[in-house]
Every structure is written in C-alpha cells, then in structure tokens.
There are 2 protein chains.
Amino acid sequence: MILEKKKAFNSFAAAKGLRSTRQRDIILDIFLSTHQHISVEELYLKVKSSNPGIGQATVYRTLKLFAESGLAREVLLHDGQTRYEHVVVGEHHDHLVCTGCNAIIEFEDETIENLQKDIALRHGFFIRSHKLEIYGLCAACRT
Amino acid sequence: MILEKKKAFNSFAAAKGLRSTRQRDIILDIFLSTHQHISVEELYLKVKSSNPGIGQATVYRTLKLFAESGLAREVLLHDGQTRYEHVVVGEHHDHLVCTGCNAIIEFEDETIENLQKDIALRHGFFIRSHKLEIYGLCAACRT
DNA sequence: ATGCTTTTGAAATTCATTTTCATTTACTAC
DNA sequence: GTAGTAAATGAAAATGAATTTCAAAAGCAT
C-alpha cells in the first residue's frame with residue numbers, strides 16, 4: 001500500500017517533469033508513516049529529527065506537491081495551521097472535531113456522500129472534493 | 001429581522017457583562033448589511049469608509065464576539081482569510097465552492113443535517129456547529 | 001564530465017491575526 | 001453630576017504560519 005503510493009507519486013512527478021530528490025523521498029516516507037491530520041510544523045519536526053539538514057521550506061513545498069498529486073489533502077481545522085491527511089482512493093471520511101479536547105473522530109457515511117452527489121447534479125456542479133466537519137463536544141468532554 | 005439580531009446580540013453582551021459601545025453598534029449594523037462570507041479585512045474597509053476612527057483590531061475583536069454570540073460563523077475557505085457568514089436560526093446552509101471562478105453556491109439539505117445528528121448520536125457527540133463544503137467546478141466553469 | 005535547470009536551505013519577507021499598552025469610554029456608586 | 005473602576009479602543013508592535021528570494025548544491029540529458 002505504501003509502495004503503491006510511492007509509485008503513484010513518482011508517476012505524478014515524472015508526468016510533471018519533476019526531479020527525483022533525496023529530500024522528497026524522505027519526506028514522503030515520513031509522511032506515509034504518520035497518522036492523520038499532521039501539520040506542516042509537526043511533520044517538519046519529525047523530518048528534522050532524523051534528517052537535520054532538511055529545511056522547513058522544503059517540507060512546505062513538498063506537502064503542497066503531495067496535495068497536488070492527490071496523495072494528501074489539506075485540512076483546515078480551527079487551530080491556525082494547515083494540516084494534511086492521507087487520501088485513500090475510493091474512501092472518504094469526515095470529521096467530528098471536539099472543541100473541548102481537540103480530539104478528532106473520523107466517520108464515513110455513504111448516504112451523505114450520495115446526497116452530495118445529488119445536490120451537485122442539481123446545480124450542474126462537478127465535485128472535485130469535499131469537506132464535512134462537525135464541531136462540538138465528544139462524549140468525554142460533554143459531561 | 002435585523003432588529004431581532006441586534007436584540008439577540010445585546011442580550012448576549014448583557015449576559016456576558018460586556019459594555020455597550022458605539023463601535024460594536026456600528027460594526028454590527030454594517031455586518032448585518034453585508035452579504036455572505038465577508039472577510040475581516042473587507043468588513044474593516046467598509047467600516048472605515050464611514051467611520052475612519054475605528055481600528056481593525058476592534059473589527060477583529062468584534063467579529064469574534066459575533067461568532068461567540070451565535071450571530072456569525074467563521075468560514076475557512078482556501079484563500080488564507082477568515083470569513084464570517086450570517087447565522088440564521090433554524091436554518092443551515094452549506095457551500096458549493098467553485099475552484100474555477102470562486103463562486104459560492106449555497107444549498108440546504110435537511111436529510112444531510114439529520115444524518116449528521118445520527119452520526120453524532122452514535123459517537124456520543126454533542127453538535128455545536130458544522131461545516132460542509134463541496135469543492136469543484138460550477139456549471140459555467142466545467143465546460 | 002559539461003552544461004543547463006531544478007531543487008534546496010537559510011534567511012528574509014509577507015500577510016493575517018493577536019497582543020500590548022496608554023488612553024478613552026462605559027457603567028456604578030455616591 | 002462626579003469620582004472611581006474596569007472594560008474597550010486605536011495604533012503600533014509582535015507573532016506565527018506560509019512564501020519568497022537567492023546563492024549554492026544536486027539531478028539529468030547530452
């Protein structure tokens with residue numbers, strides 16, 4: 001699975017005429033090893049701990065490339081940082097965001113996905129991506 | 001309707017022990033006269049044109065208050081600015097965002113709203129607000 | 001290897017937003 | 001009304017995420 005993603009990114013890079021660099025390989029490896037919703041700063045710190053030479057501008061630039069390639073997706077929660085999550089082909093999940101403890105619960109609902117398609121159809125709209133975030137208090141914080 | 005909103009904000013302010021100021025009245029008036037999704041900077045410019053004395057920090061502070069009071073809602077689109085939209089009680093709309101021309105189409109779908117409630121219930125989650133944005137190309141841009 | 005172009009790292013810059021702080025203003029008690 | 005206080009304001013400075021700049025380094029075609 002991870003290998004496939006690397007291949008997918010390499011194809012994208014090749015198609016775009018991008019060069020293959022050590023830095024991008026490393027950042028991709030580390031990104032793929034992370035869990036959901038990592039911020040650029042967080043990823044940069046991880047990268048730096050094993051590869052002190054890599055600068056944060058490179059991490060920013062590379063994550064944008066990942067998003068462009070379809071490997072990652074930008075998520076704007078409400079903490080002032082851009083986060084990136086993994087894109088799994090054919091799967092889309094949304095988020096319950098707890099404003100009490102900042103926990104993020106993922107969920108998937110096919111019916112909602114289908115309703116969105118209906119709505120888009122009604123408006124002649126072609127869907128590229130979407131984002132559903134529900135804000136509130138998780139079970140632990142609501143008490 | 002506008003009067004009710006002003007009253008609602010005043011109640012909120014009173015309950016919070018906030019003082020009533022000329023600046024907040026003016027900013028509220030102007031905010032209520034705007035259309036959807038105004039950025040802080042845009043609102044500040046509007047405010048400044050009729051009231052040059054009002055500073056932008058005040059506009060920032062006041063819009064946060066509006067959001068806290070339930071009058072407005074923060075919307076993060078992808079242009080690096082925080083935008084605010086009007087909250088209409090008992091109504092919630094979501095957005096189709098055209099990445100071609102930046103048009104924003106609003107829609108409402110009760111079924112989706114209800115499904116969200118089901119999902120929250122299943123996770124023991126208490127919903128405060130939510131946000132659904134569908135990105136893609138509008139009818140005009142997809143051709 | 002050579003030459004050309006992309007990529008990189010470090011530092012500087014940008015830009016939205018927040019904070020600071022001295023001053024002004026609103027409200028409360030007299 | 002006036003005095004006392006705490007909150008709100010405006011201007012400027014500070015912050016912090018993200019982007020840009022630019023010289024040096026690295027990738028790639030020949």
Side-chain angles (χ1 to χ4, degrees), chain A residues 9-31 37-69 72-85 102, chain B residues 9-31 37-69 72-84:
Chain A
F9 181 69
N10 288 338
S11 307
F12 165 83
K16 265 210 117 189
L18 302 178
R19 292 178 179 173
S20 133
T21 69
R22 196 180 57 87
Q23 287 88 334
R24 287 210 268 251
D25 287 348
I26 291 169
I27 296 171
L28 180 53
D29 268 342
I30 296 179
F31 176 69
H37 318 115
I38 195 163
S39 72
V40 187
E41 185 64 16
E42 285 162 4
L43 189 66
Y44 167 60
L45 291 177
K46 264 185 186 290
V47 167
K48 199 172 63 168
S49 72
S50 50
N51 296 77
I54 296 181
Q56 70 169 347
T58 301
V59 178
Y60 272 96
R61 290 187 275 234
T62 305
L63 281 176
K64 276 198 178 284
L65 278 182
F66 292 170
E68 211 185 313
S69 81
R73 183 187 297 124
E74 286 189 1
V75 185
L76 300 177
L77 302 180
H78 276 169
D79 62 352
Q81 285 191 256
T82 300
R83 296 174 171 276
Y84 287 85
E85 66 177 13
N102 291 315
Chain B
F9 180 70
N10 289 337
S11 308
F12 165 83
K16 264 211 117 190
L18 302 177
R19 294 178 178 174
S20 133
T21 69
R22 194 180 58 85
Q23 286 89 335
R24 288 210 268 251
D25 287 349
I26 291 169
I27 296 171
L28 180 51
D29 268 343
I30 295 178
F31 175 69
H37 317 117
I38 194 164
S39 73
V40 187
E41 185 65 15
E42 284 162 5
L43 189 66
Y44 167 60
L45 291 177
K46 263 185 186 290
V47 166
K48 199 172 63 169
S49 72
S50 50
N51 295 77
I54 296 181
Q56 71 169 348
T58 300
V59 177
Y60 271 96
R61 290 187 275 235
T62 305
L63 280 176
K64 276 197 177 284
L65 277 181
F66 291 170
E68 211 185 314
S69 81
R73 182 187 299 124
E74 286 188 1
V75 185
L76 301 177
L77 302 179
H78 277 168
D79 63 352
Q81 285 191 258
T82 300
R83 295 173 174 277
Y84 288 85

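In what follows, every heavy atom counts, from backbone to side chain, and hydrogens, waters and symmetry copies are set aside. Letters A, B, ... mirror the listed sequences (proteins, then strands); counts begin at 1.
- Nearest-nucleotide mapping onto DNA chain D: of B:Gly17 and A:Val40, the residue sitting toward the 5' end is B:Gly17.
- Side-chain contact between A:Gln23 and A:Ile26 is absent, with no heavy-atom pair separated by less than 4.5 Å.
- Here C:dG9 presents its P atom at 11 Å from CZ of A:Arg24, a figure rounded to the nearest Å.
- In terms of the salt bridge (charged side-chain N to carboxylate O under 4.0 Å, His left out) criterion, B:Arg24 has no residue partners (sequence neighbours excluded).
- Summarising the geometry, atom CG belonging to B:Asn51 is positioned 13.0 Å from atom NZ belonging to B:Lys46; distances are rounded to the nearest 0.5 Å.
- Annotation: the span from A:Tyr84 atom OH to A:Arg73 atom CZ amounts to 12.5 Å, rounded to 0.5 Å.
- For the helix from C:dA1-D:dT30 to C:dC30-D:dG1, the end axes, each set by the C1' atoms of five terminal pairs, are bent relative to each other by 40° (nearest 10°).
- The closest side-chain heavy-atom distance from B:Gln56 to B:Lys48 is not below 4.5 Å.
- From the 5' end on, the contacts that DNA chain D makes with chain A at under 4.0 Å to a non-hydrogen atom open and close at D:dA17 to D:dC28.
- Judged by distance alone, the side chain of B:Thr62 and the main-chain N or O of B:Val59 form no donor-acceptor pair under 3.5 Å.
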Output a table of nitrogen or oxygen pairs between the protein and nucleotides 27-30 of chain C separated by less than 3.5 Å.
from   : atom 1 : to      : atom 2 : distance (Å)
C:dC27 : OP1    : B:Ser20 : N      : 3.1

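- Of the residues in residues 52-69 of chain A, those lying under 4.0 Å from DNA chain D by heavy-atom distance are A:Ala57, A:Tyr60, A:Arg61, A:Lys64.
- Proximity of residues 77-85 of chain A to DNA chain C (heavy atom under 4.0 angstrom from any strand atom) is not detected for any residue.
- Looking only at side-chain heavy atoms (C-beta outward), A:Asp79 and A:Ser39 stay at 4.5 Å or farther from each other.
- The nearest pair of heavy atoms linking B:Glu68 to B:Lys16 is OE2-NZ, 2.7 Å.
- For the residue pair A:Leu43 and A:Ile30, the shortest heavy atom distance occurs at CD1-CG2, 3.8 Å.
- Contact between A:Leu18 and A:Phe12 at its shortest, heavy atoms only, is CD1-CE2, 4.3 Å.
- Considering only heavy atoms from C-beta on, A:Phe31 stays 4.5 Å or farther from A:Val47 through its side chain.
- For the atom pair CG (A:Leu77) and CZ (A:Arg83), the distance works out to 6.5 Å, reported to the nearest 0.5 Å.
- Taken from CD1 in B:Ile27 to OH in B:Tyr44, the straight-line distance is 10.5 Å, to the nearest 0.5 Å.
- Between A:Phe9 and A:Phe66, the ring-plane angle classifies as perpendicular under the 30° and 60° cut-offs.
- Within the model, atoms CG of A:Leu63 and OG1 of A:Thr58 stand 11.0 Å from one another, a figure rounded to the nearest 0.5 Å.
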